[in-house]
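Heavy-atom basis, side chains included; hydrogens, waters and symmetry copies ignored. Both ligands and their constituent atoms are indexed starting at 1 by order of listing.
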Amino acid sequence: MMYELIDFKTHGDYQGSLVALEKGEDFPFDIKRVYYIWGTKQNVVRGKHAHRKLEQVIVCTSGSCDFILDDGKERQTVHLDNPAQGLYIKHNIWREFTNFSQDCVVMVLASEHYDEADYIRNYDEFKKEISK
Ligand code: T46
């Protein structure tokens, strides 16, 4: 499976909504890093890489965008527009993301610290590595 969509438990009341993500309870891995992305122009294509080891859960906390995922055999597009849902991507999946709404904020919860050596930034290299 190329990805999984995780529905987070949402606490909603008269004030609005709240999602809490706690280690060991709602998550497929221990979170070592959190980063977020905003202010991306609509037609910019970010990503264009795969990871050798990293697993991530990606949440569009505001607005929307499209993730294009590729396991070397097929491509699937996932539209993200729900802050109560996380896109879980394991390693060895090529990802691109685009079609950003003006208010799009993407929050990413990562299983590892930042490591440039974990990136495969060339598509041919990605295909070569996954066929080993
Ligand atoms: C991914 C998608 C969803 C850091 O210094 N630390 C970090 O933790 C990260 C993620 C990035 N950076 C630096 C590296 C670059 O100079 O921030 C700059 C932009 O990073 P990048 O071009 O890799 O950003 P995206 O949006 O293409 O990809 C990011 C993640 O890198 C990647 O793991 O899956 O978001």
Side-chain angles (χ1 to χ4, degrees):
M1 194 171 36
M2 229 186 300
Y3 68 91
E4 196 182 319
L5 281 171
I6 303 174
D7 290 315
F8 302 132
K9 185 178 170 196
T10 305
H11 306 271
D13 59 21
Y14 70 94
Q15 306 172 102
S17 304
L18 184 153
V19 167
L21 304 171
E22 293 207 16
K23 180 178 170 180
E25 289 193 19
D26 306 280
F27 242 75
F29 51 78
D30 286 351
I31 300 161
K32 288 206 182 131
R33 176 168 54 109
V34 178
Y35 60 91
Y36 45 97
I37 296 163
W38 76 99
T40 308
K41 300 264 181 311
Q42 183 181 16
N43 293 319
V44 166
V45 182
R46 300 191 70 121
K48 294 191 262 187
H49 60 254
H51 287 282
R52 296 188 165 93
K53 183 176 170 201
L54 186 72
E55 297 186 21
Q56 303 194 109
V57 171
I58 298 162
V59 186
C60 197
T61 56
S62 165
S64 62
C65 66
D66 291 334
F67 268 77
I68 299 138
L69 304 176
D70 179 335
D71 64 359
K73 296 190 199 88
E74 58 167 328
R75 281 194 163 212
Q76 291 182 14
T77 300
V78 185
H79 183 68
L80 291 186
D81 61 1
N82 181 356
Q85 202 168 52
L87 172 65
Y88 176 34
I89 310 177
K90 292 187 186 170
H91 67 295
N92 281 345
I93 300 290
W94 186 266
R95 83 282 319 265
E96 300 176 4
F97 53 124
T98 187
N99 195 22
F100 298 90
S101 65
Q102 220 177 9
D103 56 349
C104 180
V105 180
V106 175
M107 180 180 70
V108 183
L109 307 140
S111 66
E112 305 296 333
H113 295 287
Y114 178 69
D115 177 10
E116 187 55 39
D118 187 64
Y119 282 73
I120 312 170
R121 292 196 183 270
N122 177 288
Y123 188 76
D124 292 336
E125 175 62 27
F126 163 68
K127 293 272 282 183
K128 213 180 344 175
E129 285 201 25
I130 58 170
S131 67
K132 280 179 196 163

- Message: Determine whether Leu21 and Val19 satisfy the following criterion, side-chain contact (heavy atoms from CB on, under 4.5 Å), listing intermediate values before the conclusion.
- Response: CA-CA 7 Å; Leu21 304 171; Val19 167; 3.8 Å; yes
Could you pull out every donor-acceptor pair under 3.5 Å between side chains of residues 39-48 and any protein atom, sequence neighbours left out?
residue	atom	partner	partner atom	Å
Thr40	OG1	Arg46	NH1	3.3
Gln42	NE2	Asn99	OD1	3.3

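- The residues lining ligand 1, counting any heavy atom closer than 4.0 Å, are Arg33, Tyr35, Ile37, Arg46, Gly47, His49, His51, Gln56, Arg95, Phe97, Tyr114, Tyr119, Arg121.
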- Can Val57 and Phe27 be said to form a side-chain contact (heavy atoms from CB on, under 4.5 Å), step by step? CA-CA 9 Å; Val57 171; Phe27 242 75; 3.6 Å; yes
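- Using a 4.0 Å cut-off between a side-chain N of Lys or Arg and a carboxylate O of Asp or Glu, Lys90 and Glu55 do not qualify as a salt bridge.
- Screening residues 50-74 for ring pair (Phe, Tyr, Trp, His ring centres under 6.0 Å) gives His49-His51, His51-Tyr119, Phe67-Phe97 as the qualifying pairs, with residues at least two apart or on separate chains.
- For Arg121, the salt bridge (charged side-chain N to carboxylate O under 4.0 Å, His left out) partners at least two apart in sequence or on another chain are Glu116.
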